[in-house]
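Comments concern the structure below.
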Amino acid sequence: MSSRFAALKGVEDILPPDSYLRQFIEDKARSVFGSYGFGEIKTPIIEHTDLFLRSIGETSDIVSKEMYTFTDKGGRSITLRPEGTASVVRAYVEHSLAMRPSPQKFYYMGPMFRYERPQKGRQRQFYQIGVEAFGVAEARMDAEVILMLMLHLDRIGLEDLSLELNSIGCGECRPAFKEALRDFFAPKLPELCPDCQRRFETNPLRILDCKVERCIEIRKDAPLVTDYLCGNCRSHFDSLLKLLGVMGVKYTLNPHMVRGLDYYTRTTFEVTTENLGAQKAVAAGGRYDGLVEEFGGPATPAIGFAMGVERLAALLKDKAAPPITDFFVASLGEEAATQALKLASGLRAEGIRGELGYGGSLKSQLRKAGKLGARFAIIIGEDELKSGLLKWKDLKKGESGEVPLAGARKLFA
RNA sequence: GUGGGCGUAGCUCAAUGGCGGAGCACUGGACUGUGGCUCCAGGGGUUGUGGGUUCGAGUCCCAUCGCCCACCCCA
């Protein structure tokens, strides 16, 4: 408690057994995403600040007040990535990946940084697992990405989630919708909460998911984005809904779901839970058909999502299980201790997991074996050295017996 | 950035303004070489930090830092 140093506000150490849960989530992601043909991409966690200004949008809260930005020794403005998509798109353009067979599909996992007040399910350094698929505009790709997300969430054992869907249109149809929204709210402006009055200027779409009761009431008859979609966006969305229906995916249409990041187009989706306090979204994503071009690449449709690992882990908290310890070698005496080391090393080389006892009486060593949850305790003392027969005990079943030193591995057959 | 709650042992928490404690956990012993149950013992603390009030502060006051929760926003 009174340690000389402490971790910074909003960042944390992830220790066993929590780290095992993180590994479990990541392992399942690698497996599921791999089966869909996605390959891992590792991008730097620092980028030129401009990258995020361009992609996320200068008026967004992330950019205006939540970025970890500093000047490096060369005088460059550097920012710790607040999200993953911008870097992947930069890499896609920088390495001319449009020249590779389409689609190009990537996943990433790692820390993101946002300077915010921490609360439940929200840290300043937090981990995301995300995917991005480039080059296909067809709604079938939207369906694939959503199916992949749902499969992963299912594989890690998450339940009671709901998938919310929306389409926020494209550069063609969204301006008209924003106009309609402004026209609708303008006469009611004085009745809106102060936050919404600000949103009216910065991002009127945000008024649609305000939590203030009065605002919810006022917006009851507000125009719906889905009524303003252009023909192409409309049919894209309809195709997606049809495909999800065919695939048996349950979803809820939420015309009030809005994205905080400027680059989204058409399909947006969120997977939410009621078990995380105010932080309901465990994963969120959508299309961003204009971003590659914005970054100087060829016009390339793309879609992706990101999951919040802390939020997934919080929902699975009880399921963190350390790996099984197969054996524990207790030894008595110097020569036996050396033999124990040789025995354990041989077993480990065969992929069998185990540990050595260090010092203390046989009793205290066995006590430790029990605490570790080891399957077998193996005992080496002077008697065993003389006879060449090891004593073993199955700590789960309580059975015990002897085995020749050279045949110890047969215990684990 | 705004608002509320909370900081005492590794953890969960007691202690009227008057000698800082318990349970769990950890280490060892009882049982010289056989875990879990039981009993005993031991190690562990500048009471988050810095000021102030007081004969005396874990307790009251101020500041600060941190944690938790909510808002903003978001994964």
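Hydrogens, waters and symmetry mates are skipped; everything else that's a heavy atom, side chains included, is used. So that the names make sense, note that chain A is the first sequence line, chain B the second, and so on, each numbered from 1.
- With sequence neighbours excluded, no residue forms a salt bridge (Lys or Arg N to Asp or Glu O under 4.0 Å) with A:R348.
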Under 3.5 Å, which donor-acceptor pairs do the side chains of residues 109-120 of chain A form with other protein atoms, sequence neighbours left out?
{"unit_1": "A:R114", "atom_1": "NE", "unit_2": "A:P82", "atom_2": "O", "d": "2.8"}
{"unit_1": "A:R114", "atom_1": "NH2", "unit_2": "A:P82", "atom_2": "O", "d": "2.9"}
{"unit_1": "A:Q119", "atom_1": "OE1", "unit_2": "A:R122", "atom_2": "NH2", "d": "2.8"}

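- With sequence neighbours left out, A:K391 forms a side chain to side chain donor-acceptor pair (under 3.5 Å) with A:E384.
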Legend entry - Watson-Crick and G-U pairing of RNA chain B written in dot-bracket, each distance under 3.5 angstrom, with | for inter-strand partners: (((((((..((((....[..)))).(((((.......))))).....(((((..]....))))))))))))....
Protein-nucleotides 29-34 of chain B N/O pairs under 3.5 Å:
{"unit_1": "B:C31", "atom_1": "O2", "unit_2": "A:K363", "atom_2": "NZ", "d": "3.1"}
{"unit_1": "B:G33", "atom_1": "O6", "unit_2": "A:E382", "atom_2": "N", "d": "3.4"}
{"unit_1": "B:G33", "atom_1": "O6", "unit_2": "A:D383", "atom_2": "N", "d": "3.0"}
{"unit_1": "B:G33", "atom_1": "O6", "unit_2": "A:D383", "atom_2": "OD1", "d": "3.3"}
{"unit_1": "B:G33", "atom_1": "O6", "unit_2": "A:D383", "atom_2": "OD2", "d": "3.0"}
{"unit_1": "B:G33", "atom_1": "N1", "unit_2": "A:E384", "atom_2": "OE1", "d": "2.9"}
{"unit_1": "B:G33", "atom_1": "N1", "unit_2": "A:E384", "atom_2": "OE2", "d": "3.1"}
{"unit_1": "B:G33", "atom_1": "N2", "unit_2": "A:E384", "atom_2": "OE2", "d": "2.5"}

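- Under the rule for a side chain to side chain donor-acceptor pair (under 3.5 Å), the partners of A:T79 that lie at least two apart in sequence or sit in another chain are A:T49, A:T69.
- Contacts between residues 333-345 of chain A and RNA chain B, defined by a heavy-atom separation below 4.0 Å, involve no residue at all.
- Legend: salt bridge (charged side-chain N to carboxylate O under 4.0 Å, His left out) pairs involving residues 359-370 of chain A, not counting sequence neighbours: none detected.
- Screening residues 153-163 of chain A for side-chain hydrogen bond (donor to acceptor under 3.5 Å, both in side chains) gives A:S162-A:T272 as the qualifying pairs, with residues at least two apart or on separate chains.
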Enumerate the protein-to-nucleotides 64-68 of chain B contacts in which both atoms are nitrogen or oxygen and the separation is below 3.5 Å.
{"unit_1": "B:C67", "atom_1": "OP1", "unit_2": "A:G10", "atom_2": "N", "d": "3.1"}

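- Applying the side chain to side chain donor-acceptor pair (under 3.5 Å) rule to A:R90 yields the partners A:E47, A:E94; only residues at least two apart in sequence or on another chain are considered.
- In this structure, A:K188 is positioned above the aromatic face of A:F184, its NZ or CZ under 6.0 Å from the six-membered ring centre and within 45° of the axis.
- Residues meeting the salt bridge (Lys or Arg N to Asp or Glu O under 4.0 Å) test with A:D289, sequence neighbours left out: A:R287.
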